[in-house]
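The block underneath contains the structure these notes are about, expressed in structure tokens.
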Amino acid sequence: WHVDHDLPLPLCADPADLNELAPRLARGMQRAGVELLALRGRAVFPREFNDSADEWGNKAETLSKVTLSLVAEMLERCVDGPVKVVCDKHGGRNFYGRFLQQQFPDHLVEVYRESTPLSCYRWGPDHARVEVQFRSGGEEYLPAALASMTAKYLRELAMRAFNDYWCDKLPGLKPTAGYPGDARRFKQAIEPLQATLGIADHVLWRNC
């Protein structure tokens, strides 16, 4: 359903509104001394998610490993001066040192705090010090908020492709947002066609 699926963007938003709001945002960021250098997202579709969860044991491990791979990618762009990374907490997890040490094995990751409100880690020399924070309510911080918005937008686009595929093949099928209760209704509706097409659950349904 994602092959050859292409949508003009923005989706739903009025381009005229964006043309008005974008300069206002840019001026506000300039006044605050903030500059957006790059924006990255990582789509993890059901097949990869299920494979990762099977390999690593649970979905929290998958989330942490994928997140830190994105952190590593962005750190490669930050070559001048110290860097501070702010992430939202991953569910109820408070301990991330093991994941960070695995992702950045060339450094000794120092644990500064591990608590419900904040888990904080640092490594590297003073001139290139890296600090990674996992915060409850991390979306209060602009970078984490933008990351969350980007991920949600990617999800909406992915669900649009998914719904278009199945609704085109089953006229009258009501689209799904993909959340638990309604997803089961949708899954039951497509099951006969899914079996006919030979599409395994593994590629469209998360195991956990």
Side-chain angles (χ1 to χ4, degrees), residues 1-15 17-18 21-22 25 36-74 85-93 96 99 103 134-170 173-191 193-194 197 199-208:
W1 33 90
H2 300 111
V3 175
D4 297 328
H5 187 85
D6 195 9
L7 288 173
L9 298 181
L11 184 66
C12 299
D14 186 337
D17 289 340
L18 297 182
L21 293 171
L25 175 61
L36 178 62
L37 298 178
L39 194 61
R40 294 288 184 274
R42 173 77 159 77
V44 181
F45 295 107
R47 184 198 299 271
E48 181 187 357
F49 181 91
N50 289 329
D51 288 345
S52 297
D54 289 344
E55 178 183 357
W56 296 327
N58 58 62
K59 110 175 156 176
E61 296 263 332
T62 299
L63 172 60
S64 295
K65 288 178 180 291
V66 170
T67 298
L68 292 180
S69 70
L70 272 177
V71 169
E73 179 183 336
M74 298 307 291
V85 178
V86 178
C87 300
D88 202 19
K89 281 287 186 83
H90 297 169
R93 183 183 294 278
Y96 302 87
F99 300 108
Q103 184 68 53
F134 295 86
R135 288 183 167 272
S136 296
E139 292 178 1
E140 294 177 359
Y141 291 80
L142 180 60
L146 286 175
S148 177
M149 292 166 68
T150 301
K152 289 179 172 65
Y153 200 65
L154 285 174
R155 184 190 185 282
E156 290 301 311
L157 294 173
M159 289 306 301
R160 178 68 66 95
F162 183 79
N163 279 309
D164 285 355
Y165 177 86
W166 290 104
C167 291
D168 181 63
K169 293 184 178 300
L170 285 174
L173 177 65
K174 181 183 175 183
T176 181
Y179 297 108
D182 187 60
R184 284 189 286 272
R185 181 272 309 170
F186 190 91
K187 179 69 165 58
Q188 290 173 356
I190 68 171
E191 271 181 349
L193 177 59
Q194 179 190 343
L197 295 173
I199 299 175
D201 281 356
H202 194 71
V203 303
L204 61 77
W205 190 262
R206 277 180 23 182
N207 293 338
C208 59

Determine whether more than 12 heavy atoms belonging to other residues, nucleotides or ligands lie under 6.0 Å from atom CZ of Arg93. yes
Take a 6.0 Å sphere around CZ of Arg155 and say whether it holds more than 12 heavy atoms from other residues, nucleotides or ligands. yes
Is it true that Phe162 and Phe186 have ring centroids separated by less than 6.0 Å? yes
Over all atoms of both residues, closest heavy-atom pair of Cys87 and Thr67: SG-CG2, 4.3 Å
For Asp88 and Arg135: C-alpha separation, side-chain torsions, deciding distance, then whether side chain to side chain contact (heavy atoms under 4.5 Å, CB included) applies. CA-CA 5 Å; Asp88 202 19; Arg135 288 183 167 272; 5.6 Å; no
Residue set satisfying side chain to side chain donor-acceptor pair (under 3.5 Å) with Lys152, at least two apart, ordered chain then number -> Ser148
List in chain and number order the residues that pass ring pair (Phe, Tyr, Trp, His ring centres under 6.0 Å) with Tyr165, two or more places apart in sequence or in another chain; answer none if no residue qualifies. Trp1
Please identify each residue that fulfils ring pair (Phe, Tyr, Trp, His ring centres under 6.0 Å) with His5, with sequence neighbours left out. none
Ala144 backbone acceptor or donor facing Glu139 side chain under 3.5 Å: no
For Phe49, does the six-membered ring have the charged nitrogen or CZ of Arg42 within the cation-pi criterion, i.e. under 6.0 angstrom from the centroid and within 45° of the normal? no
Parallel, tilted or perpendicular for Phe134 and His90, by the 30°/60° rule? perpendicular
Under the side chain to side chain contact (heavy atoms under 4.5 Å, CB included) rule, what do Ser64 and Val66 come out as? Steps first, then yes or no, please. CA-CA 6 Å; Ser64 295; Val66 170; over 6 Å; no
Please determine whether a side-chain nitrogen of the Lys or Arg among Lys187 and Asp201 lies less than 4.0 Å from a carboxylate oxygen of the Asp or Glu. yes
